[in-house]
Amino acid sequence: MKILLSNDDGFHATGLRSLAEALQSIGDVMVAAPSHERSAVGHGITVHDPLRITYQPLIPSLQDSFMTNGTPADCVKLAVQALGWRPDLVISGINSGANLGTDVLYSGTVSAAMEGLILGFPAIAVSLCGTSPSGFEDAAAVVSRMLQNDLLPLRKDTLYNVNIPDGISCSNPPELRFTRQGMRIYNNMFEERRDPKGIPYYWLGGTSSAADNGPGIDMAAIADGCISVTPLRPDLTNCSVLQELPRSVAFD
Ligand code: MN
């Protein structure tokens with residue numbers, strides 16, 4: 001199996017390396033990652049600046065491996081549409097930090113995987129709900145086991161958004177729950193500061209707060225110490241509302 005690996009934390013991130021090392025036992029790994037951290041850029045693509053590629057083996061055994069000045073979505077597009085790489089699976093991660101609920105709309109990690117799905121490949125986004133170095137290694141081993149045991153039925157119409165609790169044991173992992181995407185509410189706080197010319201600027205900070213929106217959501221699985229897997233698709237249509245609406249209406 002050919003696996004195209006990307007991320008949004010950048011080429012030098014621990015999570016990318018851990019996953020590349022773990023996935024080598026499963027298939028041929030190719031790497032296309034941003035040259036520096038691009039977290040929270042969402043599904044942005046670069047259309048007004050040149051995209052440059054620097055080939056560099058992420059680990060010595062990986063020859064198909066590059067970094068680029070583009071976004072996570074650019075990385076996957078370049079690999080497939082400029083270089084002609086044809087993976088069987090696109091995996092993005094392992095992100096440093098959770099991508100739960102509405103995070104997926106801001107997430108570069110999820111967007112790299114979503115770009116893979118849009119281009120016609122099964123895709124998986126992986127995030128560690130924490131940042132510990134050993135957490136990445138254990139999470140990578142768990143992802144490898146999930147693939148070896150066929151726990152995620154790979155489909156060309158589905159991206160699996162996988163969130164893994166920090167500090168789990170790869171030899172005895174917690175149960176995997178298939179979940180719904182929840183809503184994640186942030187208590188955003190813009191701190192107003194002044195630049196040396198006295199002009200105000202704003203710096204976004206704040207914390208997330210749990211939003212209780214029913215059973216079966218991704219955040220509940222993580223709160224219970226389980227691995228959360230949410231199947232996602234690019235189509236954001238609210239189908240139940242569409243069914244209630246007339247097919248068309250004429251202006252009076
Ligand atoms: Mn990130």
Side-chain angles (χ1 to χ4, degrees), residues 3-23 29-46 51 54 56 58-59 65-79 90-118 123-140 142-143 159-168 181-186 188 203-208 218-219 222 227-230 232 234:
I3 300 170
L4 173 59
L5 202 55
S6 190
N7 76 347
D8 78 353
D9 292 338
F11 191 84
H12 302 285
T14 307
L16 184 72
R17 178 176 293 261
S18 302
L19 198 48
E21 286 170 350
L23 292 176
V29 178
M30 306 177 286
V31 177
S35 54
H36 60 284
E37 181 174 350
R38 303 302 296 266
S39 292
V41 300
H43 208 117
I45 55 171
T46 303
L51 288 168
T54 306
Q56 185 175 317
L58 178 65
I59 46 183
S65 174
F66 71 82
M67 64 177 98
T68 169
N69 57 323
T71 64
D74 285 329
C75 292
V76 175
K77 288 175 81 67
L78 280 168
V90 175
I91 305 186
S92 179
I94 298 170
N95 188 60
S96 176
N99 276 304
L100 295 162
T102 30
D103 289 347
V104 301
L105 298 171
Y106 304 100
S107 167
T109 304
V110 174
S111 295
M114 189 63 86
E115 187 60 39
L117 185 65
I118 290 170
I124 300 173
V126 186
S127 303
L128 176 68
C129 302
T131 57
S132 76
S134 64
F136 288 111
E137 261 181 50
D138 288 326
V142 165
V143 171
L159 146 62
Y160 293 108
N161 183 35
V162 178
N163 280 272
I164 300 176
D166 202 355
I168 62 169
Q181 180 194 324
M183 292 281 289
R184 201 173 190 202
I185 306 299
Y186 282 85
N188 283 335
W203 199 310
L204 175 60
T207 53
S208 71
D218 45 9
M219 285 169 287
I222 293 298
I227 297 166
S228 169
V229 180
T230 308
L232 301 176

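Not measured: the values here are computed from a predicted model. Counting starts at 1 for both ligands and their atoms, in listed order.
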Would you name the N/O/S atom of D9 that lies closest to the Mn ion (ligand 1)? OD1
Please note down the angle at the Mn ion (ligand 1) between OD1 of D8 and OD1 of N95, to the nearest 10°. 90°
Has S39 got an N/O/S atom less than 2.8 Å from the Mn ion (ligand 1)? yes
State, without any angle test, whether Q56 and T54 hold a side-chain donor-acceptor pair at a distance under 3.5 Å. no
side-chain hydrogen bond (donor to acceptor under 3.5 Å, both in side chains), paired with T46, selected from T71, D74, T68: D74
Might you confirm whether atom CD of E137 has over 12 heavy atoms from other residues, nucleotides or ligands at distances under 6.0 Å? no
Under a 3.5 Å cutoff, is there a donor and acceptor pairing between the side chains of N69 and S35? no
Is E37 close enough to the Mn ion (ligand 1) that one of its N, O or S atoms comes in under 2.8 Å? no
